[in-house]
Amino acid sequence: MKIGIIGNPQVGKTTLFKLLTKIDGSGNMNQKANIGIAKVPDSRIDFLSGIFQPKKTTYATIELVDMAGTAQRPDGKKNELLEAIRDVDAIVQVVRAFESNMVPNSRNNIEPFDEVKEVQEELLLSDWSILENRLERIQKQKNKGANQNEGELEVLLKARDLLEQELPLRNLELTEQEEKLIRGYDFLTRKPIIVVVNLDEDQLRNDQYPQKAELEKWCSESNIPLTQICGQLEVEIAQLDEESQQLFMEELGIQETGIARLARILYRHLGLISFFTVGQDEVRAWTITDGSTAKKAAGKIHSDIERGFIRAEVVSYADFVEYQSMSKIKEKGLFRLEGKEYLVKDGDIISFRFNV
Ligand SMILES: Nc1nc2c(ncn2[C@@H]2O[C@H](COP(=O)(O)OP(=O)(O)OP(=O)(O)O)[C@@H](O)[C@H]2O)c(=O)[nH]1
Ligand SMILES: [Mg+2]
């Protein structure tokens with residue numbers, strides 16, 4: 001799962017990236033983007049790890065691409081930058097609400113809502129130019145008598161209708177077959193998107209920032225999750241030991257950091273769930289899309305396990321928490337044997353039987 005972080009210059013993209021990945025140096029920095037792996041916090045893994053005391057604990061992960069700020073760059077450069085997120089599965093857009101005289105603002109005022117719309121426009125434009133190029137090419141072929149792209153042409157024209165109304169291609173309802181015809185273009189406005197507002201401490205405490213109402217309304221109408229972080233503060237919290245972190249957060253009246261919340265929202269919005277494998281060697285979370293079969297889940301671990309799948313031995317997380325021992329769970333008849341078509345549930349603890 002790969003997520004691209006975008007937004008105007010100096011809004012806190014790299015701060016968010018570093019908080020999520022815990023990379024503090026310049027990591028795998030190149031000119032256009034930072035790339036890193038973020039751990040998805042999961043209290044269930046913490047709990048399982050506490051019980052099994054494994055040699056190794058492995059959380060689910062998300063790959064992040066932190067882009068350079070896009071606004072106000074000459075067009076060519078902007079497109080080049082957007083190419084860095086062409087292949088991501090979802091986009092996180094960071095916008096600035098925090099007040100600061102130290103950090104230059106690419107806008108005259110603090111206008112997070114305008115910022116969201118501006119970047120959305122950039123994405124629309126980028127898709128528009130790809131679409132127009134392709135349409136032109138198909139038209140040329142057609143003029144020469146070639147006719148093999150009719151299906152694609154039809155989908156692209158539908159797409160153009162939407163872009164002309166300044167609507168994202170996410171709104172395009174396509175059959176699986178139609179989807180396949182345009183998948184290769186990796187249209188940016190077709191990707192799921194999440195908006196993150198970067199607040200300062202006062203705004204966090206007062207639960208207020210400029211354009212809040214407009215932004216909330218627009219996001220809810222557009223079906224886009226909106227969440228907030230307090231970048232600078234969370235950098236400070238991250239540097240504390242665990243106990244002080246807890247105290248600090250209690251004092252602020254927050255249960256989890258914006259970062260933990262963001263990871264959770266990303267997961268939910270992308271339709272992802274986790275199943276777990278447990279043992280003395282390792283307690284581990286695996287990411288699958290909701291609706292995956294046991295056989296497919298097995299393939300996440302290793303293709304051999306998928307190919308030689310015999311059955312899955314499954315215990316739900318809730319049952320495990322209640323009895324905390326596999327023998328008690330068996331006694332209660334909560335230890336299930338499932339076949340390859342079983343649809344894995346979020347939190348299932350699974351052991352696969354297979355032969356190769
Ligand atoms: N006051 C304040 N400053 C912040 C906050 N978040 C980030 N900054 C500061 O703003 C500056 C820019 O932050 P970055 O995270 O580098 O922003 P960016 O969006 O990656 O910037 P570019 O990559 O240059 O577009 C840094 O000096 C941060 O310390 C915040 O919540 N409050
Ligand atoms: Mg940056």
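Atoms within each ligand, like the ligands themselves, are counted from 1 in listed order.
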Return yes or no for this condition: an N or O of [X] is under 3.5 Å from an N or O of ligand 1.
X	value
F98	no
G12	yes
D66	no
T14	yes

With ring centroids as reference points, do F354 and F352 lie under 6.0 angstrom apart? no
Quick check: does Q10 have an N/O/S atom under 2.8 Å of the Mg ion (ligand 2)?
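So Q10 does not bind the Mg ion (ligand 2) by this criterion.
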For [X] and [Y], which I'm curious about, is there any donor-acceptor pair between the side chains at under 3.5 Å?
X	Y	result
E166	Q120	no
W286	S274	no
Y267	D346	no

In ligand 1, the atoms that come under 4.0 Å of a heavy atom of L199 are 31 (O)
Under 4.0 Å from one or more heavy atoms of P9, ligand 1 contributes atoms 25 (O)
Per side-chain hydrogen bond (donor to acceptor under 3.5 Å, both in side chains), T58 is matched among R284, E282, K39 by E282
Distance-minimising heavy-atom pair for L19 and A238
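Taking every non-hydrogen atom into account, CD2-CB, 4.1 Å.
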Structural part of V103 in contact with ligand 1, heavy atom criterion under 4.0 angstrom: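 The side chain, only.
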Going by the 4.0 angstrom heavy-atom rule, the piece of N198 near ligand 1 is side chain
Evaluate the side chain to side chain contact (heavy atoms under 4.5 Å, CB included) criterion for residues V119 and N8: first the C-alpha distance (whole Å), next the side-chain angles of each, then the deciding distance (0.1 Å), finally the verdict. CA-CA 8 Å; V119 172; N8 278 9; 3.6 Å; yes
I'd like to know if K117 pairs up with E121 as an ion pair, taking the criterion as any Lys NZ or Arg NE/NH1/NH2 lying under 4.0 Å from an Asp or Glu carboxylate oxygen.
no
Where the closest heavy atom to atom 7 (C) of ligand 1 is concerned, which of T15, I6, N34 has it?
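Heavy atom nearest to atom 7 (C) of ligand 1 belongs to T15.
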Option of least heavy-atom distance to atom 19 (O) of ligand 1 (set: K13, Q232, M67):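 Heavy atom nearest to atom 19 (O) of ligand 1 belongs to K13.
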